[in-house]
Number of protein chains: 2
Amino acid sequence: MKLSEARQQFISTWGAMGTHWGINRTMAQVHALLMISPDPLTQDDIMAQLNISRGNVNMNIRDLIDWGLVDRVLIQGERKEYFTAEKDIWKVATQIIKERKRRELDPMMKLMDQLSKVEGDKKDKEVKTFLETISGIKKFGAHADDMLGVLVKSDESWFLSTALKLFK
Amino acid sequence: MKLSEARQQFISTWGAMGTHWGINRTMAQVHALLMISPDPLTQDDIMAQLNISRGNVNMNIRDLIDWGLVDRVLIQGERKEYFTAEKDIWKVATQIIKERKRRELDPMMKLMDQLSKVEGDKKDKEVKTFLETISGIKKFGAHADDMLGVLVKSDESWFLSTALKLFK
DNA sequence: ATTATTTTTCAGTAATTATTGAAAATTCGA
DNA sequence: TCGAATTTTCAATAATTACTGAAAAATAAT
């Protein structure tokens, strides 16, 4: 398999994977492209390589920067902005986990706290089942929060060696 | 807050959360409804409670069954089918992890194996960066696979107590 | 075997989400 | 300060994804 073909395959699959994870296809493709690009790229490079419009590149790059997955790079004596992606997949993963926790887990847990204040007789099975579900989610969320916190703070080699020693 | 209002809130938020995770809103809502319902429901119950069509209920229920999150229940002397969801959130989570691993991680790793056979000079920086990215993903995937395997096989109390002891 | 009930399918349509491209804003060199 | 280069915005449109509802298929009671 030729490099150009392999790159296409990778970009396209990474994009499809994104859609299964609530990430838009193009954003995942831009990320994929930057991950396999040795040097930083401009918006025009990305437009050309992925065949997408300037506006599209711009918006998705901005989102990727918000997610902390892509950085602007200033190149000496160049007017244009260049972009580059973190290539260490462990860092990519922990960054995504950190963001998703902040954007999704934290607000969800806040809501669960509110919902657990629902009024009504706890002997009523409707109320009981509701409260049990909410409380299960709260407990689960608290544990997940703890574990993800440690995961994100630790570095790869420590985490994997310790965890795997334990789990094997 | 009244139970009816809290239920609505929960269903709606669980649905919105689904969309952030590549799950369609309605499927997540049906799941939410079943989780907080003490007794099994029929397709008509779900249609009524979520205001959606029969076809929609049918398709999403089927998907939920495929994911192993919902079961058909036969009720003595009833013609209609009833449906119920697993209410233990730990089991829900491990089931989802198991399925996503099978559907997404496994095929992705198979592809990485293929892509790592790309031809070309490893001194070429395009080739080099590509191969490094692929190999990073492969290593990461293998570790994730091991850990998720243990997570799924273990039961909640064992996993959480062991993991938290280690990580705190 | 006939009929009533229930489930499933799927073509058509609706709703949502993503993309374009051109205009506006910004940036920076001269 | 002006003007060219570059980035950003966003209304219009395209593409995708989800939903409906009625017809077909399946199921089971009589």
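In what follows, every chain begins at residue 1, and chains take the letters A, B, ... in the order their sequences are listed. All values derive from a computational prediction rather than experimental measurement.
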Value in whole Å for how far the [atom2] atom of [N] lies from [atom1] of [X]:
| X | N | atom1 | atom2 | value |
| --- | --- | --- | --- | --- |
| B/Arg72 | C/dT6 | CZ | C1' | 12 Å |
| B/Met59 | D/dT20 | CE | P | 11 Å |
| B/Leu64 | D/dA18 | CG | P | 13 Å |
| A/Asn56 | D/dA15 | CG | P | 13 Å |
| B/Leu74 | C/dT7 | CG | P | 11 Å |
| B/Asp63 | D/dA18 | CG | C1' | 12 Å |
| B/Ile52 | D/dT20 | CD1 | P | 7 Å |
| A/Ile61 | D/dT9 | CD1 | C1' | 17 Å |

Check this one for me: any side-chain N or O of [X] less than 4.0 Å away from OP1 or OP2 of [N]?
| X | N | result |
| --- | --- | --- |
| B/Asn58 | C/dT8 | yes |
| A/Asn51 | C/dT19 | no |
| B/Arg62 | C/dT9 | yes |

**Asked** Bend angle of the helix from C/dA1-D/dT30 to C/dA30-D/dT1 from five-pair axes at both ends, rounded to 10°?
**Response**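 The two end axes of the helix from C/dA1-D/dT30 to C/dA30-D/dT1 meet at 20°.
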Between [X] and [Y] (side chain of the first, backbone of the second, donor and acceptor by atom type, cut-off under 3.5 Å), is there such a pair?
| X | Y | value |
| --- | --- | --- |
| B/Glu86 | B/Asp88 | yes |
| A/Thr129 | B/Ser37 | no |
| A/Asn56 | A/Ser53 | no |
| A/Gln95 | A/Trp67 | yes |
| A/Arg62 | A/Val57 | no |

(request) Specify whether B/Phe130 and A/Phe10 have parallel, tilted or perpendicular ring planes, treating 30° as the upper limit for parallel and 60° as the lower limit for perpendicular. (result)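 Aromatic pair B/Phe130/A/Phe10 classed perpendicular.
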Exercise for the section: Locate the shortest heavy-atom distance separating B/Ile134 from B/Met112; write the atom from each residue and the value. Expected result: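 Looking at all heavy atoms of both residues, the closest pair is CG2-O, 3.5 Å.
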Any salt bridge between B/Arg102 and B/Glu99, counting N to O under 4.0 Å?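 Salt bridge between B/Arg102 and B/Glu99, a charged N being under 4.0 Å from a carboxylate O: yes.
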I want to check a possible cation-pi pair here: B/Arg100 against B/Trp21, using under 6.0 Å from ring centre and within 45° of the ring axis as the test.
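No, B/Arg100 does not lie over the aromatic ring of B/Trp21.
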Should A/Leu64 and A/Phe83 be marked as a side chain to side chain contact (heavy atoms under 4.5 Å, CB included) after you check the CA-CA gap, both sets of side-chain angles, and the distance that decides it?
-> CA-CA 10 Å; A/Leu64 284 164; A/Phe83 302 95; over 6 Å; no
* Under a 4.0 Å heavy-atom cut-off, which of residues 38-48 of chain B touch DNA chain D? ->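 Correct list: empty, so none.
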Query raised in the report: Does the side chain of A/Thr84 reach to within under 4.5 Å of the side chain of A/Val70, using non-hydrogen atoms?
Result: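 A side-chain contact is absent here, since even the closest heavy-atom pair is not under 4.5 Å.
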For nucleotides 4-6 of chain D, give me every protein contact, N/O to N/O, under 3.5 Å, one pair per line with atom names.
from: D/dA5; atom 1: N3; to: A/Arg79; atom 2: NH2; distance (Å): 3.3

